[in-house]
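One structure, as structure tokens, below. Some questions next.
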Amino acid sequence: MAEGDVHTYYEDGLWKNRVEGGRRASNTSPRRVDAVLAGRQIARKRHVGHFVHTPEGEIETERDYRPRRATRGAAADDVRHGGAADVTDHPFGR
């Protein structure tokens with residue numbers, strides 16, 4: 001878990017969302033489903049992780065909304081430089 005990740009948890013009879021590093025809940029809901037959806041939306045917007053906890057505090061699910069980095073492998077280089085994936089090498093190429 002990293003600074004800025006969003007946690008959906010149950011406390012004092014309410015489901016809450018809190019951004020890690022923050023002191024207070026961002027929002028609350030009496031319904032779990034509403035809190036989970038709100039937490040997911042916050043995490044997506046902030047491009048961070050979203051952790052949903054059980055009422056007992058265990059992590060039930062986690063999702064990562066951080067941007068993925070493209071891997072630079074041979075296949076990617078081939079496409080950029082006209083290698084194996086070139087259109088003229090395709091059986092139906094032009």
Worksheet entry | Working for side-chain contact (heavy atoms from CB on, under 4.5 Å), residues Y65 and R40 | CA-CA 9 Å; Y65 297 106; R40 184 180 304 158; 3.2 Å; yes

Discussion item. Tell me whether R63 at atom CZ has more than 12 heavy atoms from other residues, nucleotides or ligands lying less than 6.0 Å away.
Written reply: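 Counting neighbours around CZ of R63, 12 or fewer heavy atoms of other residues, nucleotides or ligands fall under 6.0 Å, so no.
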
Worksheet item: What residues form a side-chain hydrogen bond (donor to acceptor under 3.5 Å, both in side chains) with E60, not counting sequence neighbours?
Response: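 By the side-chain hydrogen bond (donor to acceptor under 3.5 Å, both in side chains) rule, E60 matches R32.
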
Worksheet entry | Closest non-hydrogen atom pair between W15 and T54, with its separation |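 So the minimum-distance heavy-atom pair works out to CH2-C, 4.4 Å.
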
Worksheet item: Under a 4.0 Å N-O cut-off, is there an ion pair linking D5 with R18?
Response: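 Salt bridge between D5 and R18, a charged N being under 4.0 Å from a carboxylate O: no.
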
Worksheet item: Any side-chain heavy atom of H47 within less than 4.5 Å of one from R66?
Response: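 Result no, sub-4.5 Å side-chain heavy-atom pair not found.
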
Worksheet entry | Evaluation steps, side-chain contact (heavy atoms from CB on, under 4.5 Å), between V6 and V48 | CA-CA 7 Å; V6 178; V48 297; 4.1 Å; yes

Side-chain atoms of residues 20-31: list all donor-acceptor pairs with protein atoms under 3.5 Å, sequence neighbours left out, distances to 0.1 Å.
{"unit_1": "E20", "atom_1": "OE1", "unit_2": "H7", "atom_2": "NE2", "d": "2.6"}
{"unit_1": "N27", "atom_1": "OD1", "unit_2": "N17", "atom_2": "ND2", "d": "2.8"}
{"unit_1": "S29", "atom_1": "OG", "unit_2": "R31", "atom_2": "N", "d": "3.1"}
{"unit_1": "S29", "atom_1": "OG", "unit_2": "R31", "atom_2": "O", "d": "3.1"}
{"unit_1": "R31", "atom_1": "NE", "unit_2": "D34", "atom_2": "OD2", "d": "2.8"}
{"unit_1": "R31", "atom_1": "NH2", "unit_2": "D34", "atom_2": "OD1", "d": "3.4"}

Item to complete: Name all residues meeting the ring pair (Phe, Tyr, Trp, His ring centres under 6.0 Å) criterion together with H50; count only those two or more places apart in sequence or in a different chain, and write none if there are none.
Response: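 Expected list: none.
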
Worksheet item: If you measure from CD on E62 to NE2 on H53, what distance do you get to the nearest 0.5 Å?
Response: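 So the gap between those two atoms works out to 9.5 Å.
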
